Amino acid sequence: GSSTCVMNFDGATGYLIGEENKGLAAMFTMMNYERLSIGLQGIGLGEVSYQSARAYALDRIQSRAPSGAVAPEQAADPIIVHPDVRRMLLTQKALTEGCRMMSYYVATLLDLERFESAPEKHKENGQLLAFFIPIVKSFLTDVSQEVSSLGVQIYGGHGFIREWGMEQLMRDSRILMIYEGTNGIQALDFIGRKNLHNKGRTLNKLVEKIRSFCRTQESKLNHLIMPLQEILSEWQSIFKHAQTKAHENPEEIGAMSVDFLQYSAYVCLGYFWLQMAAKAQEQIDAGSSDVDFYLSKITTAEFYFSRILPRTQTHKAGLLSGADNLMKLDSEHFSF
């Protein structure tokens, strides 16, 4: 059955399980797992969309490459030769693979938080887990909607009809942004309980963790390390701004919450892509026979840093703009 169906319980008998008024607490024992699983559904749909779009772009022929015929023996070239199609495919690839690594990391934190016996380590893992859960639930499902939409676009008109299944991926991914606490609620939880309430301690620890990793890398990756290090300082500065504005006006928290989560997610994804690029470079230097695979990782990391990480600046501008531009318009004037 579909978990999006309507269920009627008219005339049914309800049974109390456990203690009265303790149900919410019981539910939250599994909530971290549930929210990760929703993010994983998003990655799954995004991955299917990317794989399908890639295969279609390699097979579908239309017009010629801007620099001249790539497949002169055919009536036209495959659409993967066109820069805009490559932009869409690389966006799908960079977001899906980066988010997959993020989900693996959070799954590891779930295990460490559950089974780590050393008190300090257990606490640290629990704090990092709490920090990342709103991100994996909301950002990974936002990404799923974007990636599946790009898949429809790459297919063109074929993508919009049911025959190919691409439009179903987009429809299926849409509910994920609502499941287990809407993405707006996740953003409020992230900026409020997970950052403002602990005065940014987890964020600052994560920043230092990323900086420490950057210091271990060779100069070959400086073109990735330097922009990430710069944005880490900006991330901390933005959080300090959030602290100040939240004290001045409680509406500021809701006004900046989504932009702050999105900004944070793109920074974290940069960290995961840097790790992948570093491992790929290590394998190439070690003489791996699978050089093409590892070069693909480095090239995709470079695309992420050049084309996607700059999205942080849009979110920065949004959250710095304040709550007034949201709250100024009277409710009855929305109809004008």
Side-chain angles (χ1 to χ4, degrees), residues 38-63 65-66 70 76-103 135-179 183 186 258-259 261-263 265-270 272-273 276-277 296-315 318:
I38 297 301
L40 289 172
Q41 287 183 54
I43 293 173
L45 290 167
E47 180 65 34
V48 173
S49 180
Y50 170 58
Q51 289 188 25
S52 302
R54 181 187 61 201
Y56 185 82
L58 286 165
D59 183 65
R60 174 79 162 95
I61 60 170
Q62 185 175 339
S63 69
V70 172
D77 291 329
I79 62 173
I80 199 168
V81 302
H82 299 297
D84 188 55
V85 174
R86 286 173 168 258
R87 174 190 63 81
M88 291 187 284
L89 285 170
L90 278 165
T91 300
Q92 287 185 303
K93 177 178 170 62
L95 290 174
T96 302
E97 292 183 13
C99 286
R100 187 162 64 235
M101 184 170 178
M102 183 187 290
S103 70
I135 295 178
V136 296
K137 192 277 157 180
S138 60
F139 185 72
L140 269 60
T141 57
D142 285 341
V143 161
S144 176
Q145 181 73 179
E146 178 180 354
V147 168
S148 60
S149 177
L150 287 172
V152 170
Q153 190 72 17
I154 291 168
Y155 270 70
H158 288 170
F160 203 73
I161 60 177
R162 290 189 174 184
E163 179 183 354
W164 295 86
M166 298 301 286
E167 54 82 32
Q168 182 179 349
L169 298 175
M170 190 173 175
R171 283 188 290 113
D172 288 351
S173 68
R174 189 60 187 82
I175 186 60
L176 303 179
M177 301 160 77
I178 301 171
Y179 278 159
N183 288 358
Q186 299 300 319
V258 170
D259 283 309
L261 185 145
Q262 292 283 324
Y263 182 102
Y266 284 119
V267 175
C268 291
L269 220 60
F272 291 119
W273 266 113
M276 283 191 273
S296 172
K297 292 294 182 187
I298 294 173
T299 302
T300 308
E302 291 170 342
F303 172 86
Y304 178 84
F305 274 77
S306 299
R307 289 268 182 162
I308 298 182
L309 187 61
R311 293 181 184 185
T312 53
Q313 301 312 296
T314 300
H315 292 295

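Just so we're clear, the structure is a prediction, and the values are computed from it rather than from any experiment.
Side-chain contact annotation: Y266 with H315, donor-acceptor N/O pair under 3.5 Å absent. One side chain, S173 or Q145, offers a donor N or O that lies under 3.5 Å from an acceptor on the other.
Considering CE of M177 and CG of D142, their distance stands at 4.0 Å, rounded to 0.5 Å. To the nearest 0.5 Å, the span separating OH on Y179 from CD on Q41 amounts to 6.5 Å. Considering CZ of R60 and OH of Y155, their distance stands at 11.5 Å, rounded to 0.5 Å. Atom-to-atom distance recorded for Q92:CD and L150:CG is 5.5 Å, nearest 0.5 angstrom. For the atom pair I175 CD1 and R171 CZ, the distance stands at 12.5 Å (nearest 0.5 Å). Distance OG1/T96 to CD/E47: 6.0 Å, rounded to 0.5 Å.
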- Is there a side-chain contact (heavy atoms from CB on, under 4.5 Å) between I43 and S103 once you walk through the steps? CA-CA 9 Å; I43 293 173; S103 70; 3.6 Å; yes
- Query: Checking side-chain contact (heavy atoms from CB on, under 4.5 Å) for the pair W273/M101: CA distance, chi angles, key distance, verdict?
  - Reply: CA-CA 8 Å; W273 266 113; M101 184 170 178; over 6 Å; no
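For the side-chain contact (heavy atoms from CB on, under 4.5 Å) with C99, the qualifying choice from I135, L40, V136, V143 is V143, the only one to do so. With I308 as the fixed residue, the side-chain contact (heavy atoms from CB on, under 4.5 Å) test singles out one of L90, L269, T91: T91.
Between W164 and S52, the closest side-chain pair of non-hydrogen atoms is not below 4.5 Å. Side chains of Y56 and H158 form a contact here, defined as non-hydrogen atoms less than 4.5 Å apart.
The minimum heavy-atom distance linking L261 with S138 is given by the pair CD2-OG, 3.2 Å. Listed here is the closest heavy atom pair of G159 and M166: O-CB, 3.8 Å. Closest approach of P66 to H82, counting heavy atoms only: CD-ND1, 4.1 Å. Nearest heavy atoms, I154 versus A57: CG2-CB, 4.4 Å. The minimum heavy-atom distance linking Q313 with Y263 is given by the pair NE2-CE1, 4.5 Å. Across L176 and S144, no two heavy atoms sit closer than the pair CD1-OG, 4.3 Å.
For T300 (side chain) and S296 (main-chain N/O), a donor-acceptor pair under 3.5 Å exists by modelled atom type.
Applying the 6.0 Å contact sphere to CZ of R311 captures more than 12 heavy atoms from other residues, nucleotides or ligands. Q153 CD: 12 or fewer foreign heavy atoms inside a 6.0 Å radius.
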